[in-house]
Amino acid sequence: MSVVEELIRKDDKGTLSFGNYLLSTKTKKSDFQFEGASYKIKTFKEITRLEKNGVLVYESVPGSAVTNFKGNKEVVEFDVEALGDIGFTLEMEPSQEYKLVVNGVSAGRIPTNVGGKLNASLELDEGQTVSVKIVKC
(Lines give C-alpha, C1' and ligand atoms only; values in the text may rest on other atoms or scores of the structure.)
Protein backbone atom coordinates (compact mmCIF):
# COMPACT_ATOMS: atom_id res chain seq x y z
CA MET A 1 0.00 0.00 0.00
CA SER A 2 1.07 3.58 -0.40
CA VAL A 3 -0.27 7.03 0.24
CA VAL A 4 -3.36 8.29 -1.55
CA GLU A 5 -1.97 10.93 -3.92
CA GLU A 6 -5.44 12.37 -4.67
CA LEU A 7 -6.12 12.57 -0.87
CA ILE A 8 -9.43 10.65 -1.16
CA ARG A 9 -10.88 8.27 -3.72
CA LYS A 10 -13.59 5.67 -4.26
CA ASP A 11 -12.13 2.22 -4.89
CA ASP A 12 -13.40 -0.43 -7.30
CA LYS A 13 -14.66 -2.47 -4.32
CA GLY A 14 -17.01 0.35 -3.26
CA THR A 15 -14.74 1.40 -0.38
CA LEU A 16 -12.89 4.63 0.36
CA SER A 17 -9.15 5.24 0.44
CA PHE A 18 -7.71 8.43 1.92
CA GLY A 19 -4.70 10.04 3.57
CA ASN A 20 -1.13 11.00 2.72
CA TYR A 21 1.26 10.90 5.68
CA LEU A 22 4.22 11.99 3.52
CA LEU A 23 2.95 15.56 3.05
CA SER A 24 4.88 18.17 5.06
CA THR A 25 2.01 20.70 5.11
CA LYS A 26 -1.66 20.19 5.88
CA THR A 27 -3.64 19.55 2.71
CA LYS A 28 -7.45 19.47 2.48
CA LYS A 29 -10.10 18.32 0.06
CA SER A 30 -13.77 19.08 0.66
CA ASP A 31 -17.08 18.13 -0.94
CA PHE A 32 -16.03 14.63 -2.03
CA GLN A 33 -19.30 12.84 -2.78
CA PHE A 34 -19.67 9.16 -1.88
CA GLU A 35 -22.90 7.20 -1.38
CA GLY A 36 -24.99 10.34 -0.94
CA ALA A 37 -22.70 11.93 1.66
CA SER A 38 -20.17 14.76 1.50
CA TYR A 39 -16.67 13.94 2.80
CA LYS A 40 -13.82 16.20 3.84
CA ILE A 41 -10.22 15.04 4.29
CA LYS A 42 -7.36 16.84 6.03
CA THR A 43 -4.04 15.06 5.93
CA PHE A 44 -0.29 15.42 6.32
CA LYS A 45 2.52 13.90 8.39
CA GLU A 46 1.01 14.99 11.73
CA ILE A 47 -2.69 14.06 11.30
CA THR A 48 -5.21 12.45 8.98
CA ARG A 49 -8.85 13.37 9.59
CA LEU A 50 -11.92 12.26 7.62
CA GLU A 51 -15.34 13.81 8.17
CA LYS A 52 -18.70 12.79 6.71
CA ASN A 53 -21.33 15.53 6.52
CA GLY A 54 -19.33 17.50 9.10
CA VAL A 55 -19.02 14.63 11.62
CA LEU A 56 -15.78 12.81 12.47
CA VAL A 57 -15.38 9.40 10.85
CA TYR A 58 -11.66 8.68 11.34
CA GLU A 59 -8.67 10.52 12.75
CA SER A 60 -5.10 9.36 13.25
CA VAL A 61 -2.14 11.01 14.94
CA PRO A 62 0.33 11.11 13.34
CA GLY A 63 -0.98 10.95 9.78
CA SER A 64 -1.74 7.72 7.97
CA ALA A 65 -2.93 6.28 4.66
CA VAL A 66 -6.15 4.25 4.83
CA THR A 67 -7.46 1.92 2.12
CA ASN A 68 -10.52 -0.28 1.78
CA PHE A 69 -12.39 1.76 4.42
CA LYS A 70 -16.02 0.74 4.91
CA GLY A 71 -18.35 0.59 7.82
CA ASN A 72 -21.18 1.83 9.98
CA LYS A 73 -21.90 2.08 13.72
CA GLU A 74 -21.84 -1.75 14.03
CA VAL A 75 -18.61 -2.64 12.18
CA VAL A 76 -15.73 -0.76 10.54
CA GLU A 77 -12.98 -2.31 8.42
CA PHE A 78 -9.88 -0.76 6.86
CA ASP A 79 -6.19 -1.22 6.08
CA VAL A 80 -3.80 1.40 7.47
CA GLU A 81 -0.18 2.37 6.89
CA ALA A 82 1.97 5.01 8.57
CA LEU A 83 5.57 5.92 9.31
CA GLY A 84 5.29 4.32 12.74
CA ASP A 85 2.91 3.86 15.66
CA ILE A 86 -0.41 5.71 15.47
CA GLY A 87 -3.35 6.50 17.67
CA PHE A 88 -6.72 6.60 15.94
CA THR A 89 -10.24 7.69 16.77
CA LEU A 90 -13.47 6.52 15.16
CA GLU A 91 -16.99 7.88 15.65
CA MET A 92 -19.14 4.93 16.77
CA GLU A 93 -22.19 4.43 19.02
CA PRO A 94 -21.97 6.11 22.45
CA SER A 95 -21.29 4.01 25.56
CA GLN A 96 -20.82 0.72 23.71
CA GLU A 97 -18.09 -1.89 23.63
CA TYR A 98 -16.30 -2.99 20.46
CA LYS A 99 -13.89 -5.79 19.66
CA LEU A 100 -10.65 -4.75 17.94
CA VAL A 101 -9.22 -7.26 15.44
CA VAL A 102 -5.79 -6.58 13.89
CA ASN A 103 -4.60 -8.78 11.01
CA GLY A 104 -7.28 -11.33 11.93
CA VAL A 105 -6.22 -11.57 15.60
CA SER A 106 -8.31 -10.24 18.47
CA ALA A 107 -6.56 -7.34 20.19
CA GLY A 108 -9.14 -6.90 22.95
CA ARG A 109 -12.24 -4.86 23.62
CA ILE A 110 -12.53 -1.09 23.56
CA PRO A 111 -15.36 0.97 25.03
CA THR A 112 -16.61 4.18 23.44
CA ASN A 113 -17.13 7.26 25.55
CA VAL A 114 -20.51 8.96 26.04
CA GLY A 115 -19.89 10.94 22.84
CA GLY A 116 -19.27 7.77 20.81
CA LYS A 117 -15.53 8.20 20.35
CA LEU A 118 -13.51 4.98 20.12
CA ASN A 119 -9.79 5.50 20.74
CA ALA A 120 -7.14 2.89 19.97
CA SER A 121 -3.47 2.68 19.05
CA LEU A 122 -1.48 0.51 16.70
CA GLU A 123 2.19 -0.39 16.78
CA LEU A 124 3.44 -0.09 13.20
CA ASP A 125 6.83 -0.30 11.57
CA GLU A 126 7.55 2.31 8.91
CA GLY A 127 5.49 1.51 5.82
CA GLN A 128 3.83 -1.52 7.44
CA THR A 129 0.19 -2.10 6.52
CA VAL A 130 -2.23 -3.73 8.95
CA SER A 131 -5.85 -4.75 8.54
CA VAL A 132 -8.20 -3.45 11.23
CA LYS A 133 -11.74 -4.54 12.01
CA ILE A 134 -13.88 -3.03 14.76
CA VAL A 135 -17.02 -5.01 15.65
CA LYS A 136 -19.75 -4.05 18.12
CA CYS A 137 -20.01 -6.61 20.96
Side-chain angles (χ1 to χ4, degrees):
M1 185 172 89
S2 60
V3 298
V4 181
E5 295 293 337
E6 60 270 62
L7 304 186
I8 187 169
R9 69 171 181 255
K10 178 184 174 186
D11 298 317
D12 293 339
K13 301 178 208 174
T15 60
L16 283 176
S17 291
F18 56 90
N20 186 336
Y21 59 84
L22 298 178
L23 295 170
S24 58
T25 58
K26 189 184 304 181
T27 306
K28 303 176 186 180
K29 184 172 185 175
S30 298
D31 301 321
F32 181 84
Q33 299 300 308
F34 178 71
E35 296 183 344
S38 180
Y39 286 82
K40 177 180 181 181
I41 178 74
K42 293 186 258 186
T43 187
F44 75 126
K45 64 182 178 182
E46 293 181 20
I47 190 169
T48 294
R49 182 180 175 94
L50 181 69
E51 296 177 359
K52 175 182 175 181
N53 298 328
V55 177
L56 174 71
V57 173
Y58 170 95
E59 181 176 271
S60 74
V61 177
S64 59
V66 175
T67 57
N68 303 312
F69 186 91
K70 64 181 178 179
N72 54 44
K73 300 290 185 189
E74 302 286 321
V75 61
V76 173
E77 296 180 70
F78 58 92
D79 298 323
V80 63
E81 175 185 314
L83 289 175
D85 299 349
I86 64 166
F88 69 90
T89 301
L90 297 171
E91 182 76 32
M92 304 297 281
E93 285 188 28
S95 304
Q96 297 294 317
E97 190 171 69
Y98 290 83
K99 183 166 108 173
L100 172 64
V101 179
V102 179
N103 288 336
V105 178
S106 177
R109 294 176 181 237
I110 303 171
T112 57
N113 64 21
V114 294
K117 302 284 191 282
L118 180 145
N119 296 297
S121 60
L122 295 171
E123 293 181 9
L124 300 173
D125 294 326
E126 183 174 339
Q128 177 188 12
T129 301
V130 297
S131 295
V132 176
K133 185 173 185 178
I134 310 284
V135 182
K136 185 176 176 184
C137 296

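Quick note: residue numbers are just sequence positions, from 1.
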Original post:
Any side-chain donor paired with an acceptor under 3.5 Å for Asn53 and Ser38?
Top reply: no
Original post:
Which of these, Lys117, Lys73, Lys52, sits in a side-chain hydrogen bond (donor to acceptor under 3.5 Å, both in side chains) with Glu91?
Top reply: Lys117
Subject >> Side-chain touch Phe18/Val66, heavy atoms, less than 4.5 angstrom >> reply: yes
Original post:
So which heavy atom on Val76 is nearest to which on Asn72, and how close?
Top reply: CG2-O, 3.5 Å
Original post:
If you round to the nearest 0.5 Å, how far is CD1 of Ile110 from OG of Ser121?
Top reply: 8.0 Å
**OP:** Please answer: with hydrophobic residues joined when any side-chain heavy atoms are less than 4.5 Å apart, are Tyr39 and Phe69 in the same cluster?
**Re:** yes
**OP:** Report yes if some heavy atom in the side chain of Ile47 is under 4.5 Å from a heavy atom in the side chain of Lys42; otherwise report no.
**Re:** no
Original post:
Does CD belonging to Glu123 count more than 12 external heavy atoms closer than 6.0 Å?
Top reply: no
Original post:
Nearest heavy-atom pair of Val80 and Ser64: which atoms, and what distance?
Top reply: CG2-CB, 3.7 Å
Original post:
Out of curiosity, Lys45 NZ to Lys26 NZ, how far, rounded to the nearest 0.5 Å?
Top reply: 13.0 Å
**OP:** Check the pair Asp11, Ser17 against side-chain hydrogen bond (donor to acceptor under 3.5 Å, both in side chains), reporting the backbone distance first and the verdict last.
**Re:** CA-CA 7 Å; Asp11 298 317; Ser17 291; 2.5 Å; yes
**OP:** Taking all heavy atoms of Ala65 and all of Gly19, pick out the closest pair and write down the distance.
**Re:** CB-O, 3.7 Å
Original post:
Can you list the steps and then say if Thr67 with Thr15 is a side chain to side chain contact (heavy atoms under 4.5 Å, CB included)?
Top reply: CA-CA 8 Å; Thr67 57; Thr15 60; over 6 Å; no
Original post:
In terms of side-chain geometry, is the basic nitrogen of Glu97 or Arg109 positioned less than 4.0 Å from the acidic oxygen of its partner?
Top reply: yes
Original post:
For Tyr98, which residues count as a ring pair (Phe, Tyr, Trp, His ring centres under 6.0 Å) partner, sequence neighbours excluded?
Top reply: none
Original post:
From Leu16 CG over to Phe34 CZ, what is the distance, rounded to the nearest 0.5 angstrom?
Top reply: 4.0 Å
**OP:** Fit a plane to each ring of Phe88 and Tyr58, take the angle between them on a 0 to 90° scale, and name the class: parallel (under 30°), tilted (30 to 60°) or perpendicular (over 60°).
**Re:** parallel
Subject >> side chain to side chain contact (heavy atoms under 4.5 Å, CB included) partner of Ile41, chosen from Lys29, Glu6, Lys28, Glu51 >> reply: Lys29
Subject >> Atom pair CG (Leu56) and CG (Leu50), whose distance is rounded to the nearest 0.5 Å >> reply: 8.0 Å
Original post:
Rounded to the nearest 0.5 Å, how far does OG1 of Thr89 lie from CZ of Arg49?
Top reply: 8.5 Å
**OP:** With sequence neighbours excluded, tell me which residues meet side-chain contact (heavy atoms from CB on, under 4.5 Å) with Leu23.
**Re:** Leu7, Asn20, Thr27, Thr43, Phe44
Original post:
Taking 4.0 angstrom as the limit, do Lys136 and Glu74 come out as a salt bridge?
Top reply: yes
Subject >> Joint cluster assignment, Leu118 & Phe78, ILVMFWY side-chain distance < 4.5 Å >> reply: yes
Subject >> Note, Glu81 side chain near Leu124 side chain (heavy atom, < 4.5 Å) >> reply: no
Original post:
Thr112 side chain to Gln96 main-chain N or O, any donor-acceptor pair under 3.5 Å?
Top reply: yes
Original post:
Would Leu90 and Val130 show up in the same hydrophobic cluster when neighbours are defined by side-chain heavy atoms closer than 4.5 Å?
Top reply: yes
**OP:** Report the distance from atom CD1 of Ile86 to atom CG of Leu122, rounding to the nearest 0.5 Å.
**Re:** 5.0 Å
Subject >> Shortest non-hydrogen contact from Pro62 toward Ser60 >> reply: O-OG, 2.9 Å
